[in-house]
Amino acid sequence: MSKNRPVFPGIFVTLTALLAALLALALLVSAAMPFGTLRALADSLMPDGEFESLTPGNAGVFRGMLLFAGLFLLALAGLTWFRLWGAVKTFLRNLASDGRAFLRSLIPGRRDAFHLLTLLLISVAALVFRLEYIYSALHHDEAYTYMAFAHSLRAALTDYHLPNNHVFHSILVFLSTQLVGNSPPVVRLPALAAGILLVPAVYALGKRHYDPWVGLGAALLVAASPALIGYSVNARGYTLVALLGVVLLLLGQRVLRDGNRFAWMLIVLVSALGMYTLPAFLFPFGVLFTWLLLEMRAMPVGAEPGRLRTLRCWLVSGSSAALLTLLLYLPILVYSGASALFDNPFVAPVPWQDFPETLLQRLYETGLEWTFRVPDWVTGVCLGGWVLALIFHRHLSSTRVMLQAAAALWIAVLLIAQRPNAWSKIWVFLLPLALLWASAGIIGLLGRVKIRSLPLQALAVWALLLIALWRAVSILPQLPELWGVREDEETAVLYAAQAAEAGDALVVSPPDDAPVWYYAELHGVSDRLYRSGSDPARLWVFVNPGEGQSPASVLDERGPGAQAFPSCAWMQTFGKLQVHLCQEVP
């Protein structure tokens, strides 16, 4: 035996391959077992002798997991057996090299210092604009998200009884509240952080696709957009989806430039996390992959990194992102079932005959949301800039294919295929891009005009920045007073908690129920008001007349019924909420 070829590595590779093959065979056999045999096997592996999570309803999911794991191990056995570790090591070395190159490219140069200082001032203004509303009352959906999902890591990972669970965002909310403590700003911290990071992300995208001044103009528009400010202080996953969507496009620009493998890997990760936040991330995911496909088609012959290599990476990364997303959702598929994710009424297709009218209505509502508290002339200028960016694309952009065209094509395909009830919130990912295109049409064209060697685009950006900073400075002194104001639900909860006697209970209906639950827990009175007893003698009933409620309707919907507590007296009003005390008749 040659001294240059030691025995141990060969034995190790052989034993590893055999072990992986045997385990794969065991898993594949388990996947084919009848339910009764599979349940008995699962029970035998549990310390208490019962594996309650496996039911006839979700047995198919477990079989799929076993089948996938068996096939994976079988492939691993083959990989080990045929000693392809050399190829794997080469890939990992190339990945590490590309990773170092990718990270080096993120280091700004000296010539970027002035633009980065401007970006920092824009980001500070964006933060102040959002801090103005950070203590505002939690809306129903964000309060319900925290109480039902983000309150517990297990619930965030496994519970999907409503699509309110934007899973990755719920996990971030759980972590932030566990680390810092429960309060409205902390519950909103992940959404706020994503909303602030969206400013430099849009700048970077504008710089790559157009020029730095276009990026700064877009960053200013994102910082001041009332719609994006509102979503940044809304404890849901929409700003996170918008941020990941912009990051995805930045990575797409990088892989087109040099085929960086590390960037392709990040595309897989960002795509999976986006869809783990919200399945509607399929919109920005598809926009990127449609744009990449069109850019590949437009590549000159012989260009680097080349059509074939880019197409191969395109296929591998797209399928890898889908697989990783499936793996992330496995706990939900097991514990909540596939129907909760794919067949809930909120994602059901709109009937064909109603779809055009519904879509137009939703797009109209989206337009109203995007232009809320925006002067008409600003809306007109942005629309004009958007049109100019289309007309002068070749003169303004560094890309061969218009991103707008790829977005329109993919969105049209997805709308026809899925016929969703396209609420305005699913289009949040598109608003930063629309503002970027508006900046491209205005700031980009101004860059071609100079007055005494000063580009008009720089003057325009700094004029807008000074206005934004003036607005931010005027807000700062008001923040302590704004943060000290208690909202309707919170003051009503504190009043009822102070006035309630032992054994009293509280009754409230949607849309005020989730915020009331949240503030009751925040102030430590949940047990007193919700778990005081199974047969309370008095009920504190919160009534919202603006929702058409009365004490009787609330009692019938959420309490023991109006007949059981016919005697109700108004006690106090807190903004939109009336507090009534209802008692049994002796």
Side-chain angles (χ1 to χ4, degrees), residues 61 64-65 68 145 149-150 156-174 190-191 194 197-198 201 231 236-252 255 263-293 313-344 346-349 406-407 410-411 413-415 417-418 420-423 425-433:
V61 175
M65 293 169 57
F68 172 79
T145 295
F149 305 112
L157 291 171
T158 63
D159 190 351
Y160 208 80
H161 69 270
L162 284 176
N164 279 57
N165 188 9
H166 299 171
V167 187
F168 182 50
H169 172 263
S170 297
I171 294 171
L172 295 178
V173 172
F174 171 80
L197 291 174
L198 194 56
Y231 279 107
R236 311 297 307 288
Y238 299 112
T239 52
L240 187 58
V241 163
L243 173 63
L244 294 176
V246 172
V247 171
L248 206 58
L249 293 172
L250 277 168
L251 294 170
V255 298
W264 277 113
M265 186 188 71
L266 289 180
I267 284 176
V268 173
L269 179 61
V270 171
S271 299
L273 289 178
M275 285 186 276
Y276 195 44
T277 304
L278 197 64
F281 192 78
L282 189 60
F283 279 97
F285 172 80
V287 169
L288 169 72
F289 275 75
T290 302
W291 179 62
L292 290 177
L293 191 63
C313 293
W314 184 89
L315 291 169
V316 171
S317 62
S319 56
S320 299
L323 180 59
L324 181 56
T325 302
L326 180 62
L327 291 174
L328 290 173
Y329 272 109
L330 270 180
I332 284 176
L333 294 173
V334 170
Y335 288 94
S336 295
S339 60
L341 188 61
F342 300 112
D343 196 29
N344 67 74
F346 298 95
V347 299
W410 172 252
I411 290 172
V413 169
L414 202 57
L415 287 176
Q418 290 192 332
N421 194 349
W423 299 96
K425 54 194 175 185
I426 77 169
W427 301 113
V428 177
F429 83 92
L430 197 56
L431 180 52
L433 300 181

Measure the CG-CG distance between L172 and L240 for me, rounded to the nearest 0.5 Å.
-> 6.5 Å
CG of N164 to OG1 of T145: how many Å apart, nearest 0.5 Å?
-> 4.5 Å
Counting N and O atoms only, with roles assigned by atom type, does the side chain of N165 sit under 3.5 Å from a partner on the main chain of S170, one being a donor and the other an acceptor?
-> no
Test log, rule side chain to side chain contact (heavy atoms under 4.5 Å, CB included), inputs Y231 and K425 = CA-CA 9 Å; Y231 279 107; K425 54 194 175 185; 3.5 Å; yes
Can you name the closest pair of heavy atoms from T325 and S271 and give their distance?
-> OG1-O, 4.5 Å
Full working for side chain to side chain contact (heavy atoms under 4.5 Å, CB included) between L341 and L333 | CA-CA 8 Å; L341 188 61; L333 294 173; 4.1 Å; yes
Tell me, with the steps shown, if I332 and Y329 meet side chain to side chain contact (heavy atoms under 4.5 Å, CB included).
-> CA-CA 5 Å; I332 284 176; Y329 272 109; 3.9 Å; yes
Interatomic distance, CD1@I267 vs CG@L249, rounded to 0.5 Å, equals 9.5 Å
Point-to-point distance, once rounded to the nearest 0.5 Å, from CG of L251 to CG of L292 | 10.0 Å
pair W314-V255: side-chain heavy atoms closer than 4.5 Å = no
Aromatic ring proximity, centroids under 6.0 angstrom, F149 and H166 = no
Is a side-chain donor or acceptor of T239 paired with a backbone partner of A191 at a separation under 3.5 angstrom?
-> yes
Counting only pairs under 3.5 Å, give me each side-chain donor-acceptor contact of residues 274-290, with atom names and distances, residues two or more places apart or in other chains.
| residue | atom | partner | partner atom | Å |
| --- | --- | --- | --- | --- |
| T277 | OG1 | L273 | O | 2.8 |
| T290 | OG1 | G286 | O | 2.7 |

How long is the span from the CG atom in L157 to the CZ atom in F174, to the nearest 0.5 Å?
-> 9.0 Å
Minimum-distance pair of heavy atoms, taken over all atoms of S319 and L315 | OG-O, 2.9 Å
Which heavy-atom pair separates A150 from V173 by the least distance, and what is that distance?
-> CB-CG1, 3.6 Å
Would you find a donor on one side and an acceptor on the other, under 3.5 Å apart, between the side chain of N421 and the backbone of W423?
-> no
Nearest non-hydrogen partners of N344 and A340, listed with the distance = ND2-O, 3.0 Å
4.5 Å side-chain heavy-atom contact, L328 and F168 | no
Distance (rounded to the nearest 0.5 Å) between L433 CG and W427 CH2 = 12.0 Å
Sequence neighbours excluded, which residues qualify as side-chain contact (heavy atoms from CB on, under 4.5 Å) partners of V268?
-> S317, S320, A321, L324
